[in-house]
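These notes concern the structure reproduced below.
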There are 2 protein chains.
Amino acid sequence: MTKVNIKYLAEKLNMAPSTVSRALNDSYEISQKTKDKVLSLAKELNYQPNPYARSLRAHKSKTIGVIIPERINNFFAQVIDGIEEITQQYGYHLLVYNSHEDVEQERKIISYLLGGRVDAIVMSVSSQTSSTEHLEQVQKQGIPIIFFDRIAQDLPTTKFITNDYQSGFDAAHHLIEIGCKKIYFLLLSKEITIGKERLRGYLDAVKASDLSFSEDWVIHCAQEEKPNIDLFKSFLFPMDRPDGILSSVEKLAITAYQAIKETKLRIPEDIKLITFSNMKIADLLDPPLSTISQPAQEIGRECAKLLMSKLTKTKPSPIEDQVITIPSIFHKRTSS
Amino acid sequence: MTKVNIKYLAEKLNMAPSTVSRALNDSYEISQKTKDKVLSLAKELNYQPNPYARSLRAHKSKTIGVIIPERINNFFAQVIDGIEEITQQYGYHLLVYNSHEDVEQERKIISYLLGGRVDAIVMSVSSQTSSTEHLEQVQKQGIPIIFFDRIAQDLPTTKFITNDYQSGFDAAHHLIEIGCKKIYFLLLSKEITIGKERLRGYLDAVKASDLSFSEDWVIHCAQEEKPNIDLFKSFLFPMDRPDGILSSVEKLAITAYQAIKETKLRIPEDIKLITFSNMKIADLLDPPLSTISQPAQEIGRECAKLLMSKLTKTKPSPIEDQVITIPSIFHKRTSS
DNA sequence: TTGTAAGCGTTATCAG
DNA sequence: CTGATAACGCTTACAA
């Protein structure tokens with residue numbers, strides 16, 4: 001475990017460390033002969049530059065922090081794949097954190113990242129996140145932070161979302177068109193923007209129809225599966241049950257499927273269901289599940305492209321305060 | 001974007017940087033009064049230590065590198081959650097990389113990690129990985145590396161796996177018991193250990209029976225979905241098709257479901273199917289899919305515990321060369 | 001109990 | 001074209 005560093009190479013070669021450094025960085029002011037000597041020894045001894053010395057010197061880490069609220073979720077996995085696809089082309093690394101939908105965790109993670117560990121942050125906020133002081137902190141420290149999907153609306157930065165309002169509207173409208181009279185909306189949290197927007201679309205569609213909407217059509221769900229199962233069964237069993245469900249996130253739709261199975265109701269005959277989801281196997285469910293799927297990889301790529309363009313520019317321009325919308329796609333399947 | 005560092009604090013407080021440093025680190029040789037002053041100013045100015053300066057000095061990064069072959073996969077997501085659960089208790093960070101089942105990518109990632117960027121690596125090798133020079137490199141550099149699930153058998157280190165042989169045997173045995181006469185085995189790659197072990201279990205079970213086993217019962221699949229669909233249909237259509245399938249990984253089982261759907265064969269009447277998988281919603285598939293599910297979170301936790309115990313010890317002991325088995329669980333559902 | 005100084009590995013600046 | 005030197009922010013002997 002000999003530590004081969006620039007100094008060591010320099011000694012071996014009878015050169016100054018600075019010369020070695022320049023040769024390694026292919027500086028124009030070094031002769032080809034010297035470069036060759038240095039490179040070949042470096043290769044032979046398997047020299048690897050110390051990233052932390054570099055970071056310390058350069059004040060940048062070539063590392064991006066990614067914070068998601070849930071890891072076991074295709075959507076977020078796809079987004080990260082998209083981010084990585086771009087960032088790795090620029091030699092950037094990804095520090096990935098799971099906030100588990102918990103603001104406290106989120107705050108802690110943010111505080112870790114404040115010391116310059118990352119050059120930028122891309123995140124989707126937890127469903128509990130209402131106050132955004134901790135996120136403002138990040139900006140104050142001069143660390144670029146951008147959001148996707150679950151965004152912090154008030155922070156002046158770029159946010160990537162899908163057309164949540166329109167998708168919510170369209171999905172609800174579709175349910176109405178195929179004959180649903182009582183359509184429930186499954187909401188994970190009223191804090192998060194996507195929930196709000198999807199809900200708004202749903203509400204507008206329902207209210208524009210001649211259905212007799214009532215506030216209790218909007219179901220405020222828990223994070224955990226157990227209470228949700230009970231909650232869902234409580235409104236599925238009675239005679240005045242809904243005949244349509246629009247779920248704002250995949251997790252709740254899965255739970256709904258389970259609850260419906262237990263009630264012996266049939267999909268889509270007795271109850272129709274649509275959900276926002278990036279599940280690969282919606283086709284294979286019983287019955288195939290209608291989904292609104294988000295362009296997850298693309299969202300990730302766009303986030304990364306934006307950051308890379310900002311970070312690799314010598315004269316850094318600030319990140320614009322804007323919302324960029326990448327449309328989702330509705331996949332009609334048997335469940336609706 | 002004022003950079004508040006120790007020097008800056010020291011100036012403000014009229015103290016030496018070393019005093020501030022010691023106070024921040026709660027050194028016993030600093031008076032309570034001084035500590036209070038330092039801490040309060042640090043808090044006020046929101047001081048965050050520079051992790052890279054620390055890393056450079058301490059020769060450790062408090063960072064673990066995680067390499068997986070696929071991110072959109074519940075198993076790996078769960079493992080990472082398990083790892084993070086433990087490492088964050090110790091203040092460690094996770095650099096996560098996706099090799100996309102590609103050895104070249106894997107090599108590249110490893111080379112990034114060689115410079116001391118991480119204190120240890122936990123990984124699952126790509127299905128293409130046969131030679132392991134690049135992994136030996138890591139050990140030579142003195143960086144602890146451990147494996148889970150897809151292991152590099154020959155490297156002297158700790159590997160966490162599940163009882164792949166036994167599970168393969170049991171699943172095949174189960175298929176035989178419920179009447180299958182011709183059981184195909186879906187193999188992703190003959191390079192990876194889990195494939196080999198699961199296959200070995202399957203082979204032993206089949207050969208111990210009175211089925212007329214033939215080599216072509218073992219299907220060597222491609223990485224991509226398209227060719228696999230065609231491959232599967234090519235053996236599902238003929239009269240002498242199999243009546244049982246054991247899939248060594250989730251991805252192939254999904255593809256098999258799709259192919260079977262297209263052939264109009266019925267599961268489980270015409271063909272029975274079992275797969276290794278950590279899918280949450282096997283229950284909701286049509287029909288519910290029998291799975292062998294691995295204790296993913298626990299595997300992650302165990303990997304992390306081992307590393308943490310090694311890394312946080314002052315007198316570091318080497319990582320033992322051993323294979324630790326954590327058993328999988330068979331969930332019988334309708335598909336078998 | 002506090003201060004001084006050196007060094008972790010790199011690279012930019014300034015000389016030569 | 002190459003060498004010496006300083007500095008990034010932090011910690012730790014060693015001094016006081």
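Sequence lines set the chain letters: A, B, ... in the order given, protein chains first and strands last, and positions in each chain run from 1. Any value given below was found using the heavy atoms of this structure, including those in side chains, with hydrogens, waters and symmetry copies removed. Quantities reported herein were computed from a predicted structural model and do not represent experimental measurements.
With DNA chain C read from its 5' end, the first of the two nearest nucleotides for A:Asn25 and B:Thr19 is the one closest to B:Thr19. Along DNA chain C, the nucleotide nearest B:Pro17 and the nucleotide nearest B:His59 are compared for position; the residue whose nucleotide lies closer to the 5' end is B:Pro17.
At whole-Å resolution of the value, CG in B:Leu24 and P in D:dT11 are 8 Å apart. Distance NZ (A:Lys60) to C1' (C:dA12): 14 Å, rounded to an integer number of Å. Between the CG atom of A:Asn5 and the P atom of C:dT11 there is a distance of 11 Å, rounded to whole Å. Here the C1' atom of nucleotide C:dT1 and the CG atom of B:Asp26 are 15 Å apart, to the nearest Å. Atom CG in A:Leu9 sits about 16 Å away from atom C1' in D:dT2, given to the nearest Å. Spacing between atom CD of B:Glu29 and atom C1' of D:dC14 amounts to 11 Å, rounded to whole angstrom units. Taking atom CD1 of residue B:Ile30 and atom C1' of nucleotide C:dG3, one finds them 10 Å apart after rounding to whole Å. The interatomic distance linking B:Tyr28 (OH) with C:dT2 (P) rounds to 13 Å, in whole Å.
Look at B:Tyr52 and you won't find any side-chain N or O under 4.0 angstrom from OP1 or OP2 of D:dT11. Between B:Ser21 and the phosphate of D:dT11, there is a side-chain N or O to OP1/OP2 separation shorter than 4.0 Å. Put simply, B:Thr34 has no side-chain N or O that comes within less than 4.0 Å of OP1 or OP2 on C:dT1.
Taking the six-membered ring where the residue is Trp, B:Tyr97 and B:Tyr112 present tilted rings, their angle falling between 30° and 60°. Ring geometry for A:Phe148 against A:Phe75 counts as tilted: the plane angle lies between 30° and 60°, on a 0 to 90° scale.
In this structure, A:Ser55 reaches neither bases nor backbone, as no heavy-atom distance under 4.0 Å exists between it and the strands shown. Note on B:Ser31: only backbone sugar-phosphate atoms sit closer than 4.0 angstrom, heavy atoms only; bases stay farther off. Within the 4.0 angstrom heavy-atom criterion, only backbone atoms of the sugar-phosphate kind lie near A:Arg54; the bases stay farther away. Residue contacts shown for B:Ser18 include a base, since a base heavy atom lies under 4.0 Å away.
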- Message: Apply salt bridge (charged side-chain N to carboxylate O under 4.0 Å, His left out) to residues A:Lys159 and A:Asp149 and explain how you reach the verdict.
- Response: CA-CA 8 Å; A:Lys159 302 120 189 168; A:Asp149 199 51; over 6 Å; no
- Intermediate values then yes/no, salt bridge (charged side-chain N to carboxylate O under 4.0 Å, His left out), A:Glu104 and A:Arg107: CA-CA 5 Å; A:Glu104 271 320 310; A:Arg107 285 213 185 84; 2.6 Å; yes
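Across all non-hydrogen atoms, the minimal contact from B:Lys310 to B:Ser317 is NZ-OG, 2.9 Å.
Comparing D:dT11, D:dC10, C:dC8 by their closest approach to the side chain of B:Leu56 singles out C:dC8. The side chain of B:Ile6 sits closest to D:dC10 out of C:dC8, C:dG3, D:dC10. Relative to the side chain of B:Ala53, the nucleotides C:dT10, D:dT2, D:dC10 differ in distance, and D:dC10 lies closest.
In the interface, the side chain of A:Arg57 is not paired with the base of C:dA12 through any donor and acceptor atom under 3.5 Å apart. For A:Arg22 against D:dG3, a side-chain-to-base donor-acceptor contact under 3.5 Å is present.
Enclosure of atom NZ in B:Lys35 by more than 12 non-hydrogen atoms of other residues, nucleotides or ligands within 6.0 angstrom is indicated.
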